[in-house]
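Throughout, protein chains are lettered first and strands after them, A, B, ... in sequence-line order, and every chain is numbered starting at 1.
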Amino acid sequence: MHLATFNCNSIRTRVDRVVALLERHDVDVLALQETKCTDEQFPALPFELAGYEVAHVGHNQWNGVAVVSRVGIEDVQVGFPGQPGWGDPVAAEARALGATCGGVRVWSLYVPNGRSLADPHLLYKLDWLAALREAGARWLTEDPDAQIALMGDWNIAPTDEDVWSVDYYRGRTHTSPEERAAFAAVVDAGFEDVTRSHTPGPGTFTYWDYTQLAFPKRRGMRIDFCLGSPALAARVGDAFIDREERKGKGASDHAPVVVALTDT
DNA sequence: ATGGTAGACAATCTA
């Protein structure tokens, strides 16, 4: 079975490319982030014609996450327990969607960006990750054998290897000790980055800014991950980053990450 | 020259 995660940066703009990558990589379950549309606006038909079901949550032009599956979608859950909100009035954003697909509890996650180290949005990001850690720890307490895949855009580069320049990101978000600690806490709760050993760095990235020719200059970050529970991690046979998808006109600023699971 | 690119939506906001 193949799992994948992709920050598509607008599903309406890129639906044909996304369906094509499902077929190109024989993907069974795809976690999408930044769909940038409401549930009504989500273009489900192209996925259904390709044999997939879709679960989506989107409130407006920002955020939006989905799970796309051809191995069933059960127990769809919008948001995780304790997920902090944002805005005025404070409300949960469309940043987390869970669904059970082919026996795997898949979460499509779009971690808040943080914006800058002095911005309240960074505290929101840290709270959000702490709450996710608590929820994840509880899921594992309830069922230590659960196959859980926390997939998405984590907006954190966990190590210095995961950015093109340590100096460039000093004083910016994504590499601060606080953000890295928040990511490490999720790992400590029992979720392993299942992609890294199959996609070694340095210079291995999943995101490149649209500006300043960042992609051809190989100036990127590794911020998209699949964190697996022990039972899920034990099934991972391979993983890769589809860097080709970032090339050319009309690409997202992220590349998809694909994880191959062995059969149970 | 407060730049550069992309998307949603229609004056800015987000990344």
Aromatic centroids of A:W86 and A:W62 separated by under 6.0 Å =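 Centroid separation for A:W62 and A:W86: 6.0 Å or greater.
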Mind checking side-chain hydrogen bond (donor to acceptor under 3.5 Å, both in side chains) for A:N60 and listing every partner two or more places apart, or none if nothing turns up?
->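 With sequence neighbours excluded, A:N60 shows a side-chain hydrogen bond (donor to acceptor under 3.5 Å, both in side chains) to no residue whatsoever.
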Partners meeting side-chain hydrogen bond (donor to acceptor under 3.5 Å, both in side chains) with A:D160 (sequence neighbours left out) =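 If we apply the side-chain hydrogen bond (donor to acceptor under 3.5 Å, both in side chains) test to A:D160, skipping adjacent residues, the hits are A:R180.
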Nearest-Å distance for atom pair [atom1]/[atom2], residues [X] and [N]:
X	N	atom1	atom2	value
A:F42	B:dG7	CZ	C1'	16 Å
A:N7	B:dA15	CG	P	11 Å
A:H254	B:dG7	NE2	P	13 Å
A:K249	B:dA6	NZ	C1'	10 Å
A:Y169	B:dA15	OH	P	15 Å

Atom pairs and distances, side-chain donor-acceptor, residues 47-55 of chain A, under 3.5 Å, sequence neighbours left out:
residue, atom, partner, partner atom, Å
A:Y52, OH, A:V27, O, 2.5
A:Y52, OH, A:R70, NH1, 3.4

Residues from residues 202-218 of chain A lying under 4.0 Å of DNA chain B - heavy atoms |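 When residues 202-218 of chain A is checked for heavy atoms under 4.0 Å from DNA chain B, the hits, listed by number, are A:Y210, A:T211, A:Q212.
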Check each residue of residues 172-182 of chain A for a non-hydrogen atom within less than 4.0 Å of any atom in DNA chain B, then write out the ones that pass by number, or none.
->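 The answer is none.
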Mapping A:E34 and A:A251 onto DNA chain B by nearest heavy atom, which one lands closer to the 5' end?
->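 The residue closer to the strand's 5' end, by nearest nucleotide, is A:A251.
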Should we count CZ of A:R138 as having more than 12 external heavy atoms under 6.0 Å?
->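 No.
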Inter-nucleotide P distance (B:dG3, B:dT12), Å rounded |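 My reading of the P atoms in B:dG3 and B:dT12 gives 14 Å.
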Close N/O contacts between protein and nucleotides 12-14 of chain B (under 3.5 Å):
none

Roughly how far, to the nearest 0.5 Å, is the CG atom of A:L129 from the CG atom of A:L109?
->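 It comes to 9.0 Å.
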Please confirm whether the backbone N or O of A:L32 pairs with a side-chain atom of A:S108, one donor and one acceptor, at under 3.5 Å?
->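 Such a contact is found between A:S108 side chain and A:L32 backbone.
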Could you tell me whether A:D162 and A:R196 have a side-chain N and a carboxylate O separated by less than 4.0 Å?
->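 Salt bridge present between A:D162 and A:R196.
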Side-chain N or O of A:R14 less than 4.0 angstrom from OP1 or OP2 on B:dA6?
->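 So the side-chain polar atoms of A:R14 never come under 4.0 Å of the phosphate oxygens OP1 or OP2 of B:dA6.
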